[in-house]
Protein chains: 2
Amino acid sequence: MRPTEIPEIRALALFRDMSDDQFEALMRAAYVQTLPPGIELFHEGDRPDFLHVVVEGSVELFAEWSGHETTMQIVQPVATIILAATLRDAPFLMSARTLERSHIVLVPSDDVRQVFASDGAFARAVVGELAGCYRSMVKAQKDLKLRSSTERLANWILRQDGIADRAGPITIDLEKRKLASLLGMTPENLSRALNRLADHGVVVEGKELQASDLPALRRFARPTPLIDQHDI
Amino acid sequence: MRPTEIPEIRALALFRDMSDDQFEALMRAAYVQTLPPGIELFHEGDRPDFLHVVVEGSVELFAEWSGHETTMQIVQPVATIILAATLRDAPFLMSARTLERSHIVLVPSDDVRQVFASDGAFARAVVGELAGCYRSMVKAQKDLKLRSSTERLANWILRQDGIADRAGPITIDLEKRKLASLLGMTPENLSRALNRLADHGVVVEGKELQASDLPALRRFARPTPLIDQHDI
DNA sequence: CGCCGATTTGAGAGCTTTCAAACTTTGTGG
DNA sequence: CCACAAAGTTTGAAAGCTCTCAAATCGGCG
């Protein structure tokens, strides 16, 4: 475990309020893996031996059924993954693979559960984290069930613009095929959906994308905090 | 608060392991509402003043956007709803309405958060509950993104059969339009999907439904524990 | 420069929704 | 208890959306 990552992890909401002793206990057996892109960290159905913390790079959570595969979430630093499975000691419902060169901290599951059982502050922090994960998943499901694919794309673009209301160009920093899968459509359909959004001022050039008429895009996308705001 | 409901609530995994004192503190200001069908308990965007526990009847969680409405979940006794929003003191992401005459226990949110902060056993139980809610939502999303509507219906039928492998008739104990919305399709499409499943041995008569050839239905539905088993 | 994979475009098929109408069920009031 | 009204369900037809397959184009890496 390199000492440089420790403060980053300590600063996570999940670990911020626990005692130094308990944090030490968690980190004692933890270690960092540096992985190239495309490496599978675990596969759905596996048992959680470690809690994974993405410190650098990015990780795709995906699921498979009957020959199909779909991207469920892209995890970016600094965040934990599969906390729910670790705590329940239940099999993973999703698989994970690196999308780029990544640093992953592995904390033995047994240690997590033990500290969880003895440190109230940690247990409460875990609740905050889990509640957030749950609510994100509810929002994603509303997005899927209530919107057409083009509407999902339009709202995704508006979310990328972030808190700032600027109309500056944004970069699609993942493969379009992954974005398509994340949004619940095929790559071909994403390409067509981007063309349809041209009517609402969206200009695409490769991975560069610009919403030149934000009000028009908003009129089409009808974003709502109850789906699109990720910090509530 | 009628004393008859208290043991039922106490028996919930969520409240089972907490101290008597803390449980008393929670129940002191709690009260029961008996409601006819179709009553809205709260609406998305509202703030959680109470943790709701469904003691009898059933409650639909649904969401709206841009004139559409979709059923997210049907909650049946005995279970809590919107625990995540209560703990985070964040606005509801879903609305709730009774589907039949129901008894709902209302526990003031402040009390829940206060006990949560001081009772470690309760905090840990909450984590177990939330992790389960999160995993249910992941399964629902996999179901939506990886399966066609007919496949979702077939797997829903298999789940209704439950643990027993009997091929006996089952009753669709909710309106078909609600079932359609829950499965992410229109009522018309549900009707057609049921007809398509006739090829796999499904016989429908009104609300009565029988899978006369379970192996055939399973071959078509391809159920997997990582989507369809709700207790892992 | 050339290869390989990703993206785009086109055509067609398949699935889902919408709209309309007929039919069934449910619940209410006479 | 029946009749009627209201709501839910089913069926049909047509339109719209999405996916699949195939081919062409674009882009990055060795």
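Chain naming here is simple, since letters A, B, ... match the order of the sequence lines and numbering starts at 1 in each.
C:dT17 atom P lies 11 Å from atom NZ of A:Lys145, rounded to whole Å. The interatomic distance linking B:Leu146 (CG) with D:dC19 (P) rounds to 12 Å, in whole Å. To the nearest angstrom, P of C:dT7 lies 16 Å from CD of A:Glu205.
With sequence neighbours excluded, no residue forms a salt bridge (charged side-chain N to carboxylate O under 4.0 Å, His left out) with B:Arg88. Residues that satisfy the side chain to side chain contact (heavy atoms under 4.5 Å, CB included) test with B:His43, not counting sequence neighbours, are B:Glu40, B:Asp46, B:Glu64, B:Ser95. When the side chain to side chain contact (heavy atoms under 4.5 Å, CB included) test is applied to A:Thr186, the partners found at least two apart in sequence or on another chain are A:Glu188, A:Asn189. Evaluation of the salt bridge (charged side-chain N to carboxylate O under 4.0 Å, His left out) rule for B:Arg101 yields no partner, not counting sequence neighbours. A:Ala216 pairs by the side chain to side chain contact (heavy atoms under 4.5 Å, CB included) definition with A:Asp213, A:Arg219, not counting sequence neighbours. The side chain to side chain contact (heavy atoms under 4.5 Å, CB included) check on A:Ser148 picks up A:Thr150, A:Glu151, with sequence neighbours excluded.
Contacts between residues 60-73 of chain A and DNA chain C, defined by a heavy-atom separation under 4.0 Å, are absent. For DNA chain C, the neighbouring residues in residues 172-186 of chain A, judged by any heavy atom under 4.0 Å, are A:Glu175, A:Lys176, A:Arg177. Residues from residues 188-203 of chain B with heavy atoms under 4.0 angstrom of DNA chain D, sorted by number: B:Glu188, B:Ser191, B:Arg192, B:Asn195.
B:Arg152 places a side-chain N or O within 3.5 Å of a backbone atom of B:Leu183 that can act as its donor or acceptor partner. A:Lys142 contributes a side-chain N or O that, together with a main-chain N or O of B:Leu93, makes up a donor-acceptor pair within less than 3.5 Å.
Annotation: the span from B:Ser191 atom OG to B:Arg196 atom CZ amounts to 10.0 Å, rounded to 0.5 Å. Distance CG/B:Leu194 to CD1/B:Ile172: 6.0 Å, rounded to 0.5 Å.
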Worked verdict on B:Ile82 versus B:Met94 for side-chain contact (heavy atoms from CB on, under 4.5 Å): CA-CA 8 Å; B:Ile82 50 100; B:Met94 299 183 279; 5.5 Å; no
For A:His52 and A:Val59, what are the C-alpha separation, side-chain angles and deciding distance, and is it a side-chain contact (heavy atoms from CB on, under 4.5 Å)? CA-CA 10 Å; A:His52 294 58; A:Val59 170; over 6 Å; no
Candidate pair A:Leu14 and A:Leu83, rule side-chain contact (heavy atoms from CB on, under 4.5 Å), full reasoning: CA-CA 10 Å; A:Leu14 192 55; A:Leu83 185 56; 4.3 Å; yes
List, one per line, each side-chain donor-acceptor pair under 3.5 Å for residues 70-81 of chain B, sequence neighbours excluded.
residue, atom, partner, partner atom, Å
B:Thr70, OG1, A:Lys145, NZ, 3.3
B:Thr71, OG1, B:Glu60, OE2, 2.6
B:Thr71, OG1, B:Ser181, OG, 3.4
B:Thr80, OG1, B:Glu129, OE2, 3.0

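Within the helix from C:dC1-D:dG30 to C:dG30-D:dC1, the inter-axis angle between the opening and closing five-pair segments is 40°, rounded to 10°.
The aromatic rings of A:Phe220 and A:His200 sit parallel to each other, their planes meeting at less than 30°, with 60° as the upper class boundary.
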Return the polar atom pairs (N/O with N/O) between nucleotides 27-30 of chain D and the protein under 3.5 Å, or none.
none

